[in-house]
Amino acid sequence: MHERIQTFEELALRLRPDGAGAYVVQVVHSPYGCRDVRFDLKDLGFPFDSLRRIDFSASESRELGEVEPPQGGGSATPETLGGTLFRALFRDDLLSTFLMSLGRIQGRKDLGLRIRLIFDPLDPASRQLLSLPWELLYRPDTRDFLARSRFTPVVRYLEVPRLTTPLELTSQLRILVVLANPAGTAGLDLERECQQMESVLRENPRIRLEVLRSPSLPEIRSALQRFEAHVFHYMGHGGFDSKSGEGSLLFEDSQRRPQPVGAGVLAEALKNLPSLRLVFLNACRTAQVSEDPKLDPFSGSASALSLAGVPAILAMQLPISDRAALMFSQRLYEMLAQAFPVDAAVAEARLAVHLDAPSSYEWATPALYMSVPDGCLFAPAPPGDEEDHFALGLSYLDQGLYDLSAAAFQRVLGKTTHEEDLLYYLALALIGGQRPRALKLATIRQIETYLAAAIRLNDRKSHYKLLLAAAKYDYYASNGLRIPSPPVDQLLKEAANGEIDPKEVRLMLRHAPLPPGDLLSVVQNFCH
């Protein structure tokens with residue numbers, strides 16, 4: 001059943017200099033009124049670069065160049081760091097407002113309290129605040145990391161002159177994954193990471209992936225436009241030049257040689273793409289912004305994309321292991337595919353990483369920069385549309401208007417009470433009256449995903465398994481390829497023991513024609 005979309009009360013805090021070396025925390029919005037409070041870095045009591053001395057269990061570094069070793073000792077734990085940061089921020093009246101605001105959401109399954117931290121990167125005195133690990137905010141009395149709960153997500157908000165509205169999520173969440181691992185750089189097993197990501201996410205019929213390996217920037221922009229991608233997911237190396245204040249990602253040229261791309265150039269490549277909602281930079285130091293007042297604060301990877309109008313950016317403060325990145329991505333995209341607010345989805349992804357490796361603190365590595373006020377990158381299809389679009393899809397399918405049929409079915413994917421039938425008809429629409437052998441491999445895999453999901457929802461209906469058997473046999477066997485599991489014989493045997501609907505089998509043969517032969521004869525026997 002489709003989960004409820006979560007909404008939020010908001011505690012929006014703007015941190016600005018007070019002119020005397022400290023900061024004022026201005027409560028821009030809250031469920032309760034509150035006076036401004038003082039925030040002083042001296043109250044923290046230790047340098048926050050000690051965060052880099054925590055073992056985050058990351059494997060290979062995704063940073064360009066070498067990481068400077070930390071100076072001095074230091075054994076502060078994330079709980080110590082986060083607790084000190086919490087006490088410095090939530091003090092006096094603001095602590096009371098925070099606790100009363102939490103009371104408003106107590107026991108509500110669909111309501112949370114967003115902690116939105118607002119920074120003005122053009123104010124030089126505010127820039128050092130961006131380097132603090134706000135994701136570690138830790139409430140000592142209840143032993144809770146705020147950012148690890150979707151009921152108290154922590155979001156960074158850069159004040160930029162851009163407004164963003166939600167995009168209606170009418171079909172699947174479309175993710176463009178880009179891999180770049182040039183020769184001569186630190187070896188990252190990106191192929192393995194990408195294959196694991198594909199294997200996990202392709203099982204979800206609400207998600208569609210497209211992968212580009214070593215593309216140029218023009219190729220990336222073209223793919224984003226053609227695919228109408230909602231998410232740009234980069235895997236590779238990142239860097240930050242402290243002298244120029246510019247972030248960069250490493251791509252490859254035609255000879256697989258390293259080709260650094262500055263944050264400003266990347267932002268230009270991703271600008272003015274209406275479908276693009278989220279950029280996920282799985283590379284080191286992409287969250288960094290220069291503290292030097294003489295340098296452009298919008299030259300960091302995340303800040304440049306925010307200025308370019310990207311609604312949400314996930315960037316890395318530290319290296320992250322392949323396993324943690326995979327766990328994070330899987331849960332994040334599962335939630336976004338259900339039109340959850342991005343900050344709630346990120347909090348659930350953090351929790352998934354923590355539950356998978358409780359001794360690691362890699363869940364705090366991604367930083368979320370968000371410019372949408374309510375966190376809603378996507379709006380679910382308007383209520384009441386489900387039955388209309390399902391019926392419209394069936395009508396188009398009956399007329400042989402397969403593209404229109406697929407579009408109508410995808411519009412309500414994940415939103416109907418008869419999801420398994422929808423998946424079956426969507427598979428038929430993708431076959432489109434052709435022999436399965438004539439389709440592209442990507443289409444066959446998508447059909448297999450839909451039918452496997454339909455079978456998981458209801459494994460008694462024979463026509464789901466018959467269509468899967470027909471598609472697999474006609475594509476793989478006819479093209480001389482190995483047929484992936486489950487084998488065709490097993491599917492036919494299970495279909496014979498299931499609930500047979502001759503009308504649906506005849507419909508299948510009409511829209512997924514098979515040539516004369518043994519398989520056609522077997523399937524035709526189900527029509528009587």
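Note that this is a predicted model, so its numbers are computed, not measured. Basis for what follows: all heavy atoms, side chains included, without hydrogens, waters or symmetry-related copies.
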D343/R116 under salt bridge (charged side-chain N to carboxylate O under 4.0 Å, His left out): CA gap, chis, key distance, verdict: CA-CA 10 Å; D343 44 352; R116 179 151 62 107; over 6 Å; no
Step by step, would you call L368 with V342 a side-chain contact (heavy atoms from CB on, under 4.5 Å)? CA-CA 9 Å; L368 173 62; V342 63; 4.3 Å; yes
A quick test of your reading: do over 12 heavy atoms of other residues, nucleotides or ligands sit less than 6.0 Å from CZ of R192? no
When the ring planes of F251 and Y234 are compared, do they come out parallel, tilted or perpendicular, using 30° and 60° as the limits? tilted
For atom CG of D403, decide whether the heavy atoms of other residues, nucleotides or ligands shown that lie under 6.0 angstrom number more than 12. no
Passing candidate, side-chain hydrogen bond (donor to acceptor under 3.5 Å, both in side chains) with Y333, options R206, H233, H230: H233
Under 6.0 Å between the ring centres of Y450 and Y464? no
Verify the neighbour count for atom CD of Q106: are there more than 12 heavy atoms of other residues, nucleotides or ligands below 6.0 Å? no
Should the heavy atoms of other residues, nucleotides or ligands under 6.0 Å from OH of Y473 be counted, would the total exceed 12? no
Would you find more than 12 non-hydrogen atoms of other residues, nucleotides or ligands less than 6.0 Å from R208 atom CZ? no
Acceptor/donor pairs from residues 429-447 side chains to any protein atom, 3.5 angstrom cut, sequence neighbours excluded:
{"from": "R435", "atom 1": "NE", "to": "D474", "atom 2": "OD1", "distance (Å)": "3.1"}
{"from": "R435", "atom 1": "NE", "to": "D474", "atom 2": "OD2", "distance (Å)": "2.9"}
{"from": "R435", "atom 1": "NH2", "to": "D474", "atom 2": "OD1", "distance (Å)": "2.7"}

In sequence, state the C-alpha distance, the side-chain angles, and the governing distance for R114 and E9, and then conclude on salt bridge (charged side-chain N to carboxylate O under 4.0 Å, His left out). CA-CA 6 Å; R114 173 184 295 117; E9 295 278 5; over 6 Å; no
Using a 6.0 Å cut-off, check whether atom CZ of R226 has over 12 heavy atoms from anything other than its own residue. yes
Aromatic ring proximity F145/H354, centre distance under 6.0 Å: no
Relative to the ring of F280, is the ring of F328 parallel (under 30°), tilted (30 to 60°) or perpendicular (over 60°)? perpendicular
